[in-house]
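Letters A, B, ... are given to chains in the order of the sequence lines, protein chains preceding strands, and every chain is numbered from 1.
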Amino acid sequence: MQKHTISVLVNDQPGVLARVANLFGRRGFNIDSITVGNSEEKGLSRMVIVTTGDEKTLEQVMKQLHKLIDVIKVQHLSTGSMVAREIVLIKVDAGPTTRMEISGIVEPFRAAIVDVGPQSVIVQATGDSDKIDALTELLRPYGIRELTRTGLTAMARSMAAVKV
Amino acid sequence: MSRDVAMVVGRPEIPPIEQGEVITGSDALLRCLLLENVEYVFGYPGGAVLPIYDSLYSSHLKHILTRHEQGAIHAADGFARSTGKPGVVIATSGPGATNLVTGIATAYMDSIPMVIITGNVAQSLIGTDAFQEADITGITLPITKHNFFVRDVLELPRIIKEAFHIATTGRPGPVLIDIPKDVNNATAPFFYPETVNLRGYNPAVKPNKMQVDRLIKAISEAKKPVIMAGGGVISASAEKELIAFAEKTQIPVICTLMGLGSFPGTHPLALGWPGMHGNFVSNQAILNCDLLIGIGNRFDDRITMGRTKEFAPNAKIIHIDVDPAEIGKNVETMIPLVGDVKLVLEAALPKAAQADTSDWLIQLNEWKEKHPFSYKKNGNLKPQAVIEMIYETTAGEAIVTTDVGQHQMWAAQYYKFKHPRSLISSGGLGTMGFGFPSAIGAQFAHPDRTVVSINGDGGFQMNSQELAVVSQHNVPVKIVIINNKCLGMVRQWQEIFYDNRYSHIDLSHSPDFVKLAEAYGVKGLRAQSESEARQVWQEALEHNGPVVVEFVVEPEENVYPMVASGCTLDQMTMGDEE
């Protein structure tokens, strides 16, 4: 079972996210993460979906997505070289004694402390999923109070061949 | 047949369409339907669609008031299946709309073109759980090809144009348009677009030339090829091309249940239909073929039995379908051929040559003769005999609609369908209650043809209220009830798989169907023996109007042959062979 990253260009209309999510649900496809936002063209949004499955499942996912009337284009990004990023915000226990230690952990990840409270700080990090996972595990012993991740957004590298 | 419909002579009609004329949303809707050449709409009024029904009062459209929204949508479905034109249905918001759901799912599973118009509460009330509010676009997301929620009256004509385009092109399917009451009441200048511009919707209908060449090459190398024709052949109106292709190549043809009629059942190259209750020769052809050409079919689990690895174990599989997602979905395909079936066959025909199938055809004919569909006669009225009688007396020329269950299988086994669109049956969803109302739609579409609706005593009772419609309009449907006083197919499964534990299948406490018919003003007849059957059936055929004919048959009769769920096609139970 592999993870696949799919980019889907859709009409920016109410209910389109529901159509896509519904398709995955009723066909028994898994959604690991889904991000949606504006695209380069007015009236169109881009969804980046990370799904897990074998080649046959992926083929069906791509074909079924193509069948939706509001879907303009479907690209399988994982076939080529891609840039993939997500953002995480982690609220971690941090009293005066541990604050510097946490700062030291955050720095090599090029993450940042974006809020400081009396007993906690919020760490913001951007990167691929592995990097976010690694940072999370390092911060876990200090006590993670709250964590939120955006899910992956991705794009094929300039010269990469993308399967459409 | 009476054409007594909503339009009443003497009432003011909506004048001819003027581009730019300011009219209400509901008037615009009906004008759009007329511009799409819609003749009949089936429906049921309610609060949220009152503006539409007010506009219908003076419209040329013929509206058929059914007695339940489910009756309306199955009637529209029967109209669509028998004509190839989109069926149109109107229902109000909330429960009216949700009563359509089974019919929408039925049409979706069998790829039937339909445009479903529902009303909704005014936009100011949307999301407030208002009286009779239901999120019907949300509910029908998984069972429509596409659906629309109309937010602005200015968008209405474009949306209707797009809905008909989507419903009828590529792989056909149902499209729902949900219109809030305020949009129906709002006014706007009327402009009906001439073209459709849907950037994300471009069905691939022209076949790839190289793939067509691969098809031809595969045929030239095959010794035991077989064609499996599905409902897609009928959708594409490709029956003539299929006959020409089969005759030129001398490849025998299996039709799936949905494909029955796409290739004449009486043709020497016709093998019959495969799968759970299909015939011996069709299943043997699948098991032994070296090339299987699936055309407009979807390798349903009633044919593969879910054992896709053991399905056609020795064959190269070629799959021709307009929907790319069907190819490789259920079985592995060696040669995918995406395109409109008619265009694919047209492209392949000039290149095709006669295949080396003479030995193969001899073998198939031996199997065909050895195990035809047959049943034991014992002097009692047998359901199979009723179907044979209907076939003989209508010379195979009737439009036959079926409900779902044993009678459906017997109809498919013993009525040799010669023409496309002559079997109307819920294949994919298996919808009980479909058979009778779908016949109403088929008969409105074909007033001069014999329409026979074959039902079980269970399914008929799911929409028997539509007897009022056939009575009101004198729709001359011949309504057959094969009464075995139980849910026959469930009984058969309980007998075979649940050790004769007949749990809740007893329908002996049903109405007197003859009296029920008469209560609606419909002629009712009953037969309990073969001789009675012939007599009352002849009377029914000669009757100029609707008639219910109840055939009381043996409850213990089972459908054979049978391949049980989870078995492979070589594990057929032949059952009651004569």
Among B/N147, B/L198, B/T137, B/I166, residue most engaged with chain A (heavy-atom pairs, under 4.5 Å):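 Of the candidates given, the most pairs with chain A belong to B/N147.
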Atom CD of A/E146 with >12 non-hydrogen neighbours under 6.0 angstrom: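 Count not over threshold, so no.
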Does A/K131 have more than 12 heavy atoms from other residues, nucleotides or ligands lying within 6.0 Å of its NZ?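 For A/K131, atom NZ is crowded (more than 12 foreign heavy atoms under 6.0 Å).
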Where is the tightest heavy-atom contact between [X] and [Y], given as atom of each residue plus distance?
X: B/L141; Y: A/R26; answer: O-NH2, 4.4 Å
X: B/K145; Y: A/I69; answer: O-CG1, 4.1 Å
X: B/G200; Y: A/I72; answer: N-CD1, 3.8 Å
X: A/L44; Y: B/R199; answer: CD1-NH1, 3.4 Å

Need one label for B/N202: side chain, backbone, both or neither, based on atoms under 4.5 Å from any heavy atom in chain A.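 No part of B/N202 comes within 4.5 Å of chain A.
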Please classify the contact of A/Q13 with chain B as side chain, backbone, both or neither, using a heavy-atom distance under 4.5 Å.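 Neither part.
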Do B/H146 and A/L68 make a side-chain contact, defined as non-hydrogen atoms from C-beta onward lying under 4.5 Å apart?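 Of all side-chain heavy-atom pairs linking A/L68 with B/H146, none is under 4.5 Å.
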With side chains defined as the heavy atoms from C-beta onward, is the minimum distance between A/R27 and B/K329 less than 4.5 Å?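 Answer yes - side chains close enough.
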Between B/E326 and A/K67, is a salt bridge (charged side-chain N to carboxylate O under 4.0 Å, His left out) present by the stated rule, with each step listed? CA-CA 11 Å; B/E326 278 308 318; A/K67 282 176 73 170; 5.0 Å; no
Under a 3.5 Å distance rule, please check whether A/K63 uses its side chain to pair with a backbone N or O of B/I327 as donor and acceptor.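 Indeed, once roles are kept as given, a pair shorter than 3.5 Å links the two residues.
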